Trainee: 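Supplied in structure tokens, the structure appears directly below.
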Amino acid sequence: MIARPAHPGESEDQAEAMDKAANLIEALPWLSRFHGRTVVVKYGGNAMVSEELRVRFAESIVFLYYAGLRPVVVHGGGPQISAMLDRVGVESTFTAGLRVTTDEAMDVVRMVLTGQVNREIVGLINQHGPFAVGVSGEDANIMQAERKQVEVDGELADIGRVGEVTDVTPGAVSGLIADGRIPVISSVARADDGGVYNVNADTAASALAVALGASKLIMLTDVEGLFADYPANTELISRLDVDELRALLPSLSSGMLPKMEACLRAVEGGVPQAHIIDGRVPHSLLLEVFTDRGVGTMVADAELEAALLTGNGGHLPRTQRHEQTAPTSGETQ
Ligand SMILES: Nc1ncnc2c1ncn2[C@@H]1O[C@H](COP(=O)(O)OP(=O)(O)O)[C@@H](O)[C@H]1O
Ligand SMILES: CC(=O)N[C@@H](CCC(=O)OP(=O)(O)O)C(=O)O
């Protein structure tokens with residue numbers, strides 16, 4: 001199928017070939033900008049619900065790798081954990097978008113994330129070559145955590161074995177990257193007392209992106225991006241800066257709260273761009289990295305972003321491509 005009618009004197013085959021070439025060459029400035037850069041990709045459980053999506057995701061990661069970027073995958077698996085908890089008859093609830101994790105539930109979380117989901121992602125990537133190495137956030141003390149305290153209606157609530165990342169030791173991950181591998185990391189961490197903690201995968205990805213000095217954090221989920229006034233209004237917010245995001249945070253709920261907090265922390269921690277994209281769209285990752293329009297919601301720091309793009313002939317379409325700005329918090333709920 002061709003994207004435009006053939007010009008006079010041009011065959012449909014020629015028109016199709018020209019379109020393909022134009023699509024490829026559109027990637028050139030982005031290839032040059034992100035060559036050799038570390039990109040942390042958070043793969044959410046809702047974006048891995050079909051075999052087709054998982055296979056396409058692995059292809060996108062390998063494409064980034066061959067294109068000269070250094071992808072690091074940090075994955076969740078919330079729906080997969082919930083399904084296993086159901087199967088073994090352990091109840092679980094969520095508070096502020098986080099799973100209340102009993103000791104019993106923690107065993108299941110660890111088994112599903114590190115033993116099942118991690119293995120599957122590694123296996124799919126390695127269909128293309130010996131690239132992916134799976135690790136848990138516990139390995140080599142990559143992620144250390146302490147028990148997280150959450151405030152609910154002005155009171156501190158105990159949500160069990162949920163970890164707040166206190167420290168990231170990225171050496172083992174950097175070593176894998178330097179060895180030409182693609183690290184695939186599950187969001188489980190250990191605390192000083194030796195206890196194992198369940199870390200929200202958005203939070204884990206953000207902490208790793210900061211510690212690795214990543215150029216981008218990209219989170220795949222099951223919506224187009226951040227909606228202005230969910231669920232009443234599903235108008236996509238394409239771009240927002242950290243001040244706009246700070247103002248918006250108190251109005252956010254469920255899964256989007258940890259996600260947007262994670263974006264904020266990443267950008268505050270020096271990552272120039274953090275994105276929420278629709279993981280249900282095959283290869284949305286490639287559309288985000290390699291096309292001028294991008295997709296989803298981008299949180300960016302203008303100064304860091306300009307520095308990231310410096311040295312590329314002053315061509316800054318990425319700062320202009322997300323034209324819509326965020327509403328103020330008063331407009332959102
Ligand atoms: N403002 C919002 N914009 C978009 N999605 C929202 C918003 N508020 C809550 N959500 C919910 O957040 C979900 C994504 O978070 P989550 O289920 O934790 O995904 P993942 O498993 O990918 O981390 C969406 O499916 C949607 O139901
Ligand atoms: C504390 C907490 O909520 N941990 C998450 C970890 C997995 C995760 O974050 O998975 P998604 O990215 O698919 O949501 C959980 O138990 O579901």
Side-chain angles (χ1 to χ4, degrees), residues 41-49 53-54 57 73-86 90 92-102 104-114 116-118 121 136-137 143 145 147-150 157 159-165 185-189 196-207 218-238 240 245 248-263 275-280 284 296-297 326-327 329 331-333:
V41 181
K42 188 265 168 159
Y43 191 27
N46 279 314
M48 33 174 113
V49 288
L53 281 179
R54 294 192 290 270
F57 172 78
V73 178
V74 178
H75 66 86
Q80 294 74 4
I81 295 168
S82 297
M84 187 59 82
L85 286 169
D86 271 357
V90 177
S92 85
T93 55
F94 284 81
T95 297
L98 301 170
R99 186 185 308 276
V100 178
T101 310
T102 59
E104 201 184 11
M106 187 63 228
D107 287 342
V108 175
V109 168
R110 195 186 197 192
M111 180 181 80
V112 171
L113 290 183
T114 308
Q116 183 186 319
V117 176
N118 186 280
I121 299 169
S136 161
M143 261 194 319
R147 209 178 185 90
K148 188 176 170 72
Q149 300 281 310
V150 291
I159 54 169
R161 288 203 161 271
V162 173
E164 176 86 76
V165 180
I185 306 165
S186 66
S187 62
V188 180
V196 183
Y197 283 85
N198 178 11
V199 178
N200 172 271
D202 303 321
T203 312
S206 168
I218 306 177
M219 308 214 209
L220 277 77
T221 186
D222 65 346
V223 279
E224 270 176 84
L226 176 66
F227 297 136
D229 181 16
Y230 181 84
N233 175 359
T234 54
E235 188 188 340
L236 181 71
I237 298 174
S238 297
L240 67 173
L245 179 52
L248 205 56
L249 271 185
S251 70
L252 296 179
S253 60
S254 63
M256 215 25 86
L257 180 59
K259 224 173 277 309
M260 296 317 298
E261 272 175 349
C263 286
H275 307 260
I276 310 287
I277 66 170
D278 194 343
R280 299 166 308 175
S284 54
T297 297
S329 58
E331 286 170 316
T332 58
Q333 290 283 322

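Indexing begins at 1, ligand by ligand and atom by atom, following the structure's order. Side-chain atoms are counted along with the backbone in the values below, which use heavy atoms only and exclude waters and symmetry mates. Residue numbers run from 1 in the order of the sequence given. Everything quoted here is computed from the prediction, not taken from an experiment.
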Trainee: When you pair each N or O of ligand 2 with protein N or O atoms, which pairs come out under 3.5 Å?
Mentor:
unit_1, atom_1, unit_2, atom_2, d
ligand 2, 3 (O), Arg99, N, 2.9
ligand 2, 4 (N), Asn198, OD1, 3.0
ligand 2, 4 (N), Asn198, ND2, 3.4
ligand 2, 9 (O), Ala201, N, 3.0
ligand 2, 10 (O), Gly77, N, 3.0
ligand 2, 10 (O), Gly78, N, 3.0
ligand 2, 12 (O), Lys42, NZ, 2.5
ligand 2, 13 (O), Gly45, N, 2.7
ligand 2, 13 (O), Gly77, N, 3.2
ligand 2, 13 (O), Gly78, N, 2.9
ligand 2, 16 (O), Arg99, NE, 2.7
ligand 2, 16 (O), Asn198, ND2, 2.9
ligand 2, 17 (O), Arg99, NE, 3.4
ligand 2, 17 (O), Arg99, NH2, 2.9

Trainee: Show me the short polar-atom pairs for ligand 1: any N or O of it lying under 3.5 Å from a protein N or O, with distances only.
Mentor:
unit_1, atom_1, unit_2, atom_2, d
ligand 1, 1 (N), Phe227, O, 3.2
ligand 1, 3 (N), Phe227, N, 3.0
ligand 1, 17 (O), Asn46, ND2, 3.0
ligand 1, 19 (O), Asn46, ND2, 3.4
ligand 1, 19 (O), Thr221, OG1, 3.2
ligand 1, 21 (O), Asn46, ND2, 3.1
ligand 1, 22 (O), Thr221, OG1, 2.7
ligand 1, 23 (O), Lys42, NZ, 3.0
ligand 1, 23 (O), Lys259, NZ, 2.6
ligand 1, 25 (O), Asp222, OD1, 2.6
ligand 1, 25 (O), Asp222, OD2, 3.3
ligand 1, 27 (O), Tyr230, OH, 2.8

Trainee: Can you spot which of Val117, Leu113, Leu85, Asn46 makes a side-chain contact (heavy atoms from CB on, under 4.5 Å) with Gln80?
Mentor: Val117
Trainee: Taking side chain to side chain contact (heavy atoms under 4.5 Å, CB included) as the definition, give me every residue that meets it alongside Thr114, ordered by chain and number, with sequence neighbours left out.
Mentor: Ser136, Ser186, Val188
Trainee: Search all heavy atoms of Asn233 against all heavy atoms of Phe227 and return the closest pair with its distance.
Mentor: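 Answer, listing the atom of Asn233 first, then Phe227: O-CB, 3.7 Å.
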Trainee: Among residues at least two apart in sequence or on other chains, which ones pass ring-ring contact (aromatic ring centres under 6.0 Å, His included) with Tyr197?
Mentor: none
Trainee: When rounded to the nearest 0.5 angstrom, what is the spacing between CZ in Arg99 and CD1 in Ile81?
Mentor: 5.0 Å
Trainee: Salt-bridged, Asp202 to Lys259, with N to O below 4.0 Å?
Mentor: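 The answer is yes: the pair qualifies as a salt bridge.
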Trainee: Checking the side chain of Thr297 only, and the main-chain atoms of Gly225 only, is there a donor and an acceptor separated by less than 3.5 Å?
Mentor: no
Trainee: Does the side chain of His75 reach to within under 4.5 Å of the side chain of Asn118, using non-hydrogen atoms?
Mentor: yes
Trainee: Counting distance only, does the side-chain N/O of Asp229 pair as donor-acceptor with the main-chain N or O of Ala232 below 3.5 Å?
Mentor: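 It does not hold such a pair.
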